[in-house]
There are 4 protein chains.
Amino acid sequence: MIEGINNVGGTNGQLLALLERYEHLEAEKQTIADDQKELIAEVTSSGFEGPIFRKLLKIRKDPEKFAEEAAKLNLYMADVGMQVSLDFGGAS
Amino acid sequence: MIEGINNVGGTNGQLLALLERYEHLEAEKQTIADDQKELIAEVTSSGFEGPIFRKLLKIRKDPEKFAEEAAKLNLYMADVGMQVSLDFGGAS
Amino acid sequence: MIEGINNVGGTNGQLLALLERYEHLEAEKQTIADDQKELIAEVTSSGFEGPIFRKLLKIRKDPEKFAEEAAKLNLYMADVGMQVSLDFGGAS
Amino acid sequence: MIEGINNVGGTNGQLLALLERYEHLEAEKQTIADDQKELIAEVTSSGFEGPIFRKLLKIRKDPEKFAEEAAKLNLYMADVGMQVSLDFGGAS
DNA sequence: TGATCTCGGCA
DNA sequence: TGCCGAGATCA
């Protein structure tokens, strides 16, 4: 049997198999996402704020980038007369 | 006076001017966005559903693309045994 | 005054523990996301289009909702004179 | 039975009118968005970085909120032992 | 061009 | 108010 282009008219189960594999992975991701959601609830109940917690997570992903951006932002703010002092001794 | 690289330490008002120009444009956009929001309310009160209305807007942006995607989707769904018939005589 | 080890000015390491737990979960999610990305590559190399594949995934999540929206969209399109026929015998 | 002109199978052209009104507003927004894009190009060619420029725009929208979040972030970072000093004399 | 991310709509 | 999808932006 000759398959058409892009499996047109085909029914060999290949597409279905791919879909199910993807959905299985998706289910695993969802389980983890649920765990994260619970963890955020724990963060909140521990007296920390979720949004700040998330910002900190982002900073920890790339502390160097954060330090550089903060330094530049500091310069820009000074340029437009915003009173700030934002110093990072180094994102160790 | 010699300006440093990237206007470091500068205060010539250039950055501030750019910011204010951008913010002015942003305000204009917001006004229009508010009008659109009111219009959606009118859509709803006219008996149409907002989400479907939005889908239709998207289709009208590129009807041809929509027709092509629908046709392909039709094939894929048939391939996995989903009972559908989705025909577009042409997105005129 | 001497602060606790590894908690300069801090409280009790609770925040750090929460961060690390979250990041561990995040790493697990990333692994799965990478697997999904590879799977999409396999989808493409099998002659299917990624974007259509993703649409099909979405439809399979809630076929009934899809059928209803398609039906409504059909009505709206007819209302504005767009030539379409979009029939679903039932999203089995 | 004869349908009204330009409303084959439709109702009264109300939906079409709503769509066109929305699309007109959308076109106006797009024009402004294009202007903003050009302005960003001008920002870049003036020696400023687009992403930092955008951050500054965001801060100017709500300087007080920014100052508060920065202060909290400072506390959190100290809590996990990240060496930072991030002081805002006040978001004037 | 694709992945990420922020933002507005929706429940 | 929290989640989700879409649009925009950056690499």
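The figures that follow rest on heavy atoms only: side chains count, while hydrogens, waters and symmetry mates do not.
- The nearest whole Å value for the distance from the NZ atom in A:Lys55 to the C1' atom in E:dC5 is 12 Å.
- One interatomic measurement links the two molecules: CG of B:Leu39 to P of E:dG8, which rounds to 18 Å at whole-angstrom precision.
- Ring to ring, D:Phe48 and A:Tyr76 are close: their centroids are under 6.0 angstrom apart.
- Put simply, CG on A:Leu57 is 16 Å from C1' on E:dT4, counting in whole angstrom units.
- Here the C1' atom of nucleotide E:dG9 and the CG atom of B:Asp34 are 14 Å apart, to the nearest Å.
- B:Lys37 has its NZ atom 10 Å from the P atom of E:dC10, to the nearest Å.
- For C:Gln30 and B:Gln30, each mapped to the nucleotide of DNA chain E holding its nearest heavy atom, the one lying further toward the 5' end belongs to C:Gln30.
- Of the candidate nucleotides E:dT6, F:dA6, F:dC10, F:dC10 has the atom lying nearest to any side-chain atom of D:Pro51.
- Here D:Lys29 does not reach the OP1 or OP2 of F:dG7: none of its side-chain N or O atoms lies under 4.0 Å away.
- Between the side chains of B:His24 and B:Glu28, a donor-acceptor pair is found at a separation under 3.5 Å.
- At the phosphate of E:dC5, neither OP1 nor OP2 sits under 4.0 Å from any side-chain N or O atom of D:Lys58.
- The interatomic distance linking D:Glu38 (CD) with F:dA8 (C1') rounds to 17 Å, in whole Å.
- Residue whose closest nucleotide on DNA chain E sits further toward the 5' end, between A:Lys61 and B:Gly50: A:Lys61.
- Ion pair A:Arg21/C:Glu42 flagged as a salt bridge, since at least one NZ, NE, NH1 or NH2 atom sits closer than 4.0 Å to an Asp/Glu carboxylate oxygen.
- Atom pair A:Asp62:CG and E:dT4:C1' shows a separation of 14 Å (rounding to whole Å applied).
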*Hey, mind stepping through D:Thr44 and D:Glu49 against side chain to side chain donor-acceptor pair (under 3.5 Å) and telling me if it holds?*
CA-CA 6 Å; D:Thr44 301; D:Glu49 295 181 26; over 6 Å; no

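- Contact between the side-chain N/O atoms of D:Arg54 and the OP1/OP2 oxygens of E:dT6 is not found at any separation under 4.0 Å.
- The heavy-atom pair separating D:Val80 from C:Leu19 by the smallest distance is CG1-CD1, 3.6 Å.
- Atom CZ of B:Phe53 and atom P of E:dC10 are 11 Å apart (whole Å).
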